[in-house]
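Everything numeric here is computed off the predicted structure, so don't read it as measured data.
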Amino acid sequence: MKKLYYILNLILFGGTVFAFYTVAQDFNKFYAIEWTFFKIQDCQIPNPVTTPCFWGSWAFLIALIWSLNLNKKEILTKLKSLKHLGIFLIAGTIFAWSNFSFVLFKFLKNNGQPTIGCSGQITTNPFTTPCFIGSTIFLVALIWAWLVYFVNTRKNKIGLDQ
């Protein structure tokens with residue numbers, strides 16, 4: 001059973017590292033162009049604080065911390081917290097795929113020509129953007145969290161309504 005939690009933590013850790021690495025690159029590019037982190041309007045590229053990637057990275061970190069704290073709880077509290085983590089991951093997955101869908105829509109509307117992606121960079125293929133990769137990791141984490149939840153409820157013979 002501990003392996004299931006370990007894999008969930010690993011998925012969320014990977015998502016967190018990927019997202020913060022992407023945001024760090026975005027901040028580096030932004031600073032190289034604007035020479036400040038505090039400019040929000042009239043920028044050549046979007047300030048990373050205004051991009052979905054920035055907020056998605058924080059969602060990954062929150063989910064990771066939440067997941068790491070599951071091991072410290074007794075089974076009923078753990079299952080309730082795991083269920084709430086699953087709901088949080090649903091929200092994160094909807095947020096991520098909505099942002100990717102917008103990037104894909106802009107790309108298709110532009111007849112496949114390069115467009116501005118979710119992190120404010122030029123995109124030639126929406127399926128190679130951080131938005132798509134982050135969305136996929138969120139979805140995998142969501143599916144795994146619910147798998148862990150259902151395996152635990154079956155193993156412990158606990159009703160789903162508790």
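- Taking both residues in full, the closest heavy atoms of Phe138 and Ala59 are given as CZ-CB, 3.7 Å, listed atom of the first, atom of the second, then distance.
- Side-chain N or O atoms of Asn111 include none that pairs as donor or acceptor with a backbone N or O of Gln113 at under 3.5 Å.
- For the atom pair CD1 (Ile65) and CG (Leu70), the distance works out to 12.5 Å, reported to the nearest 0.5 Å.
- Sorted by first and then second residue, the side chain to side chain donor-acceptor pair (under 3.5 Å) pairs with a member in residues 12-24 read Tyr21-Gln25; sequence neighbours excluded.
- Ile143 and Ile90 fall within a single hydrophobic cluster, where Ile, Leu, Val, Met, Phe, Trp and Tyr are joined by side-chain heavy atoms under 4.5 Å apart, directly or via other members.
- Residues passing the side chain to side chain contact (heavy atoms under 4.5 Å, CB included) test with Trp144 are Leu4, Ile7, Leu8, Ile11, Leu147, Val148, sequence neighbours excluded.
- Cluster annotation: Leu61 and Phe95 are assigned to the same hydrophobic cluster (Ile/Leu/Val/Met/Phe/Trp/Tyr, side-chain heavy-atom contacts under 4.5 Å, transitive).
- A chain of hydrophobic side-chain contacts below 4.5 Å, direct or via other Ile, Leu, Val, Met, Phe, Trp or Tyr residues, connects Phe88 to Tyr5.
- To the nearest 0.5 Å, the span separating OG on Ser135 from CG on Asn99 amounts to 7.5 Å.
- Under a cut-off of 6.0 angstrom, the local environment of CH2 in Trp97 is crowded, with over 12 non-hydrogen atoms contributed by other residues, nucleotides or ligands.
- With rounding to the nearest 0.5 Å, the separation of CD1 in Ile94 from OG in Ser101 is 11.5 Å.
- In this structure, Trp58 has its ring center closer than 6.0 angstrom to the ring center of Phe20.
- The CG atom of Leu89 lies 11.0 Å from the CD1 atom of Ile62; values are rounded to the nearest 0.5 Å.
- Aromatic ring orientation, Phe100 versus Phe132: tilted (interplanar angle from 30° to 60°).
- Put simply, Phe18 and Trp66 are part of the same group of oily side chains (I, L, V, M, F, W, Y) that touch within less than 4.5 Å, one to the next.
- Distance check: Ile137 CD1 to Phe13 CZ gives 12.0 Å after rounding to the nearest 0.5 Å.
- By the 30° and 60° cut-offs, the orientation of the rings of Phe105 relative to Phe102 is parallel.
- The minimum heavy-atom distance between Val23 and Cys53, with the atom names listed, is CG2-O, 3.6 Å.
- The minimum heavy-atom distance linking Ala19 with Phe60 is given by the pair CB-CD1, 3.9 Å.
- Here the straight-line distance linking atom CG of Asn9 with atom CG of Leu68 works out to 4.5 Å at 0.5 Å rounding.
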